[in-house]
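Note sheet for the following structure.
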Amino acid sequence: MPNPDSKLRIYNTLTKTKEDFQPLNPPQVGIYLCGPTVYAESHIGHMVGPVIFDTIKRYLRYSGYEPTWVVNITDVDDKLINKSRERGLPVSQIATEMTADYLANLRELGVNQIDYMPRATDHMANIIAFIENLVDKGFAYAVEGDVFFDVAKDSSYGQLSNRNVDDQQGEGGGAAAKKRSAGDFALWKSAKPGEISWDSPWGKGRPGWHIECSAMSREILGETFDIHGGGLDLMFPHHENELAQSSCCHGKPMVKYWMHNGLMRAGAKGKVGGKSDRESTPEEEAEGKISRSKGAGGLSTLIRRHTGTRIRFFLLRTHYRSTILFNEEGLEEAGVALEGFYRLFDRFEEISKLSFYDDSLEPARTRKDGEFDPGDDALLKQVDEFRGKFITAMDDDLNTGLGVSVLFDWLRTMNRYLDESKLGPGADVTSTEVQSLIVAMRKMKELTNILGLFTKVPASGGGDEAAQELLDKTVHLLIDLRKEARERKDYATGDAIRNRLTEIGISLLDKKEGTTWETS
């Protein structure tokens, strides 16, 4: 069961207040984070939410909960259809390629806590059934093969973003003439000639963006779940429409806590737009956010220059609801800061013969197991104080920025201790000083694990070894996706993966024990 002493408070966008975290069915916690539309390579802005919620899941588990985290993949959408026309490739092939890119980047940034990654195309029956339910209950209407949600039928519409129905604007184009009011939004879109489509009671077509998340979150987490996350730019219309669909379909709240992270902006240090980050409106946040239209490119080259650990650390240095200002200088500064920890870990290993990066230290996995009595030991008293400050910061709306600052204070204390104790290679590991050092570093490891930092020996950005490791991971992800495609009898996508790899000089070798690869 959760630690009864846990005082976790979370800012709920719906109520605009911090609330005590009380999950629906403790110790279970259901979390849904909106994932990418996989039509092009991921950029660093796509990593903000996953890194934050990877850390949130780690902290919930540390606090005694049993979280389940879902991140969806939107693999059918207008952007994918347009990219399919542009490249002359099937939608499924583009989605498979870009999903592989996304997964490779997640792995490099240490995002490994996701439990489910549902794809919209695998949930078409659930999506259609969801829409049918809304039509049957009078919340949606069909017109010439399209189906729209009638916002006028939902008296609570706009509660998340604080907008009036008169302020809403739905899809334009040909669909606009079919709608009862401008704010109505598409649940099902009739297929145009040559477009990817599925059979439905309203004819061939495909789902709207918003209904995909409502259907997949219900299928995996239930009609009501604990936490829904995403960028501030998704609050409207995406999350507002999800909330309307789900609450009207089920007659109950969709989510207990709505959590929105701040967006990433390209720019120099300092205040943005003359307002503090917390005062910025969603529109102001979205206006300056990192996106492909703002020139953001593929993330893999950035990882090669700076390493995934450095990027993750950079993203966690601020509170998740704050704007993140992205620039190369900031990443370089993050790298310099990390070097201080790496030097401490090297000194520690020389003295204790224990590595900070593996499980040699056997750190506690929960806050209850991590409690300890420092006794009269001066160092351990300070360590106990640091641990308490870190937990207090995380309990206060998961403030990783403040938690990181505590780790820097801890780092300075440890270096001072080593200098004053004159500990170095050849020290007696059974001595009181070294044993206190080991306990102190074990406690530090306990908390850095929550942030997903220092879990492996650091790689050097731009080095051949790091690049080769990234290439190997990426190819194996493509091998896995090819296998999944073939199991679904989607042989065209499976063959396309093999052919595209061959074009760039990578040959797949299908063997009895599995598929391997080599450069040709």
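Note that these values count all heavy atoms, side chains included, but never hydrogens, waters or copies made by symmetry.
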Please round to the nearest 0.5 Å and tell me the distance separating atom [atom1] of [X] and atom [atom2] of [Y].
X	Y	atom1	atom2	value
Asp395	Ile10	CG	CD1	10.0 Å
Asn12	His260	CG	NE2	9.5 Å
Leu187	Ser214	CG	OG	9.0 Å
Asn261	Tyr320	CG	OH	9.0 Å
Leu221	Met216	CG	CE	11.5 Å
Phe313	Thr307	CZ	OG1	11.0 Å

Short question: side chain of [X], backbone of [Y] - any donor-acceptor pair under 3.5 Å?
X	Y	value
His319	Asp397	yes
Tyr62	Ala364	no
Thr224	Pro253	yes
His306	Leu302	no
Asp226	Gly30	yes
Asp54	Pro50	no
Arg442	Leu361	yes
Lys16	Thr13	yes
Ser246	Leu243	no
Arg312	Leu451	yes

What closest approach, in Å, do [X] and [Y] show between heavy atoms, and which atom pair accounts for it?
X	Y	value
Glu240	Asn162	OE1-N, 4.4 Å
Gly35	Val71	CA-CG1, 3.7 Å
Asn72	Pro36	O-CD, 3.7 Å
Glu242	Cys34	OE2-SG, 3.6 Å
Ser190	Lys178	OG-NZ, 4.2 Å
Gly403	Phe390	O-CD1, 3.5 Å

Margin query: Tell me whether the NZ or CZ atom of Lys445 lies within the 45° cone about the ring axis of Phe356 and under 6.0 Å from its centre.
Written below: yes
Check: Can you tell which of Thr55, Ile311, Ile324 makes a side-chain contact (heavy atoms from CB on, under 4.5 Å) with Leu316?
Finding: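 Only one option passes, and that is Thr55.
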Please state whether the rings of [X] and [Y] are parallel, tilted or perpendicular, taking 30° and 60° as the class boundaries.
X	Y	answer
Tyr141	Phe148	tilted
Phe345	Tyr342	perpendicular
His238	Trp209	parallel
Phe21	Tyr65	perpendicular

Item checked: Derivation and outcome, side chain to side chain contact (heavy atoms under 4.5 Å, CB included), residues Leu477 and Thr474 -> CA-CA 5 Å; Leu477 282 170; Thr474 302; 5.5 Å; no
Check: Who are the ring pair (Phe, Tyr, Trp, His ring centres under 6.0 Å) partners of Trp258, not counting sequence neighbours?
Finding: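 In terms of ring pair (Phe, Tyr, Trp, His ring centres under 6.0 Å), with neighbours along the sequence ignored, Trp258 is linked to His228, His239.
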4.5 Å side-chain heavy-atom contact, [X] and [Y]:
X	Y	answer
Leu407	Leu411	no
Leu398	Leu8	yes
Met259	Tyr11	no
Phe454	Met444	no
Leu14	Val255	no
Arg367	Met394	no
Glu371	Arg387	yes
Asp115	Val70	no

Within 6.0 angstrom of [X] [atom1], more than 12 heavy atoms from elsewhere:
X	atom1	answer
Tyr116	OH	no
Asn112	CG	yes
Glu362	CD	no

Next item on the list: State which residue, out of Arg321, Lys18, Arg9, fulfils the salt bridge (Lys or Arg N to Asp or Glu O under 4.0 Å) condition with Asp396.
Entry: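 Single pass found, and it is Lys18.
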How about [X] and [Y]: does a side-chain donor come under 3.5 Å of a side-chain acceptor?
X	Y	result
Asp184	Ser181	yes
Tyr157	Asn241	yes
Tyr32	Arg218	no
Thr15	Thr17	yes

Return a table of donor-acceptor pairs under 3.5 angstrom between the side chains of residues 96-104 and protein atoms on other chains or two or more places apart.
unit_1: Thr96; atom_1: OG1; unit_2: Ser92; atom_2: O; d: 2.8
unit_1: Glu97; atom_1: OE1; unit_2: Arg87; atom_2: NH1; d: 3.4
unit_1: Glu97; atom_1: OE1; unit_2: Arg87; atom_2: NH2; d: 3.1
unit_1: Glu97; atom_1: OE2; unit_2: Gln93; atom_2: NE2; d: 3.4
unit_1: Glu97; atom_1: OE2; unit_2: Arg500; atom_2: NH1; d: 3.0
unit_1: Thr99; atom_1: OG1; unit_2: Ala95; atom_2: O; d: 2.6
unit_1: Asp101; atom_1: OD2; unit_2: Ser42; atom_2: N; d: 2.8
unit_1: Asp101; atom_1: OD2; unit_2: Ser42; atom_2: OG; d: 3.4
unit_1: Asp101; atom_1: OD2; unit_2: Asn105; atom_2: ND2; d: 3.4

Next item on the list: Show the numbers, then the answer: is there a salt bridge (Lys or Arg N to Asp or Glu O under 4.0 Å) between Lys83 and Asp77?
Entry: CA-CA 10 Å; Lys83 185 65 70 171; Asp77 181 84; over 6 Å; no
Margin query: side chain to side chain contact (heavy atoms under 4.5 Å, CB included), that's the test. Do Ile114 and Phe53 meet it? Break it down for me.
Written below: CA-CA 9 Å; Ile114 301 172; Phe53 279 86; over 6 Å; no
Ion pair [X]/[Y], N-O distance below 4.0 Å:
X	Y	answer
Lys256	Glu19	no
Lys252	Glu223	yes
Lys389	Glu385	yes

Margin query: Using salt bridge (Lys or Arg N to Asp or Glu O under 4.0 Å), reason through Arg412 and Asp409 one step at a time and then give a plain yes or no.
Written below: CA-CA 5 Å; Arg412 287 186 284 271; Asp409 291 339; 2.4 Å; yes
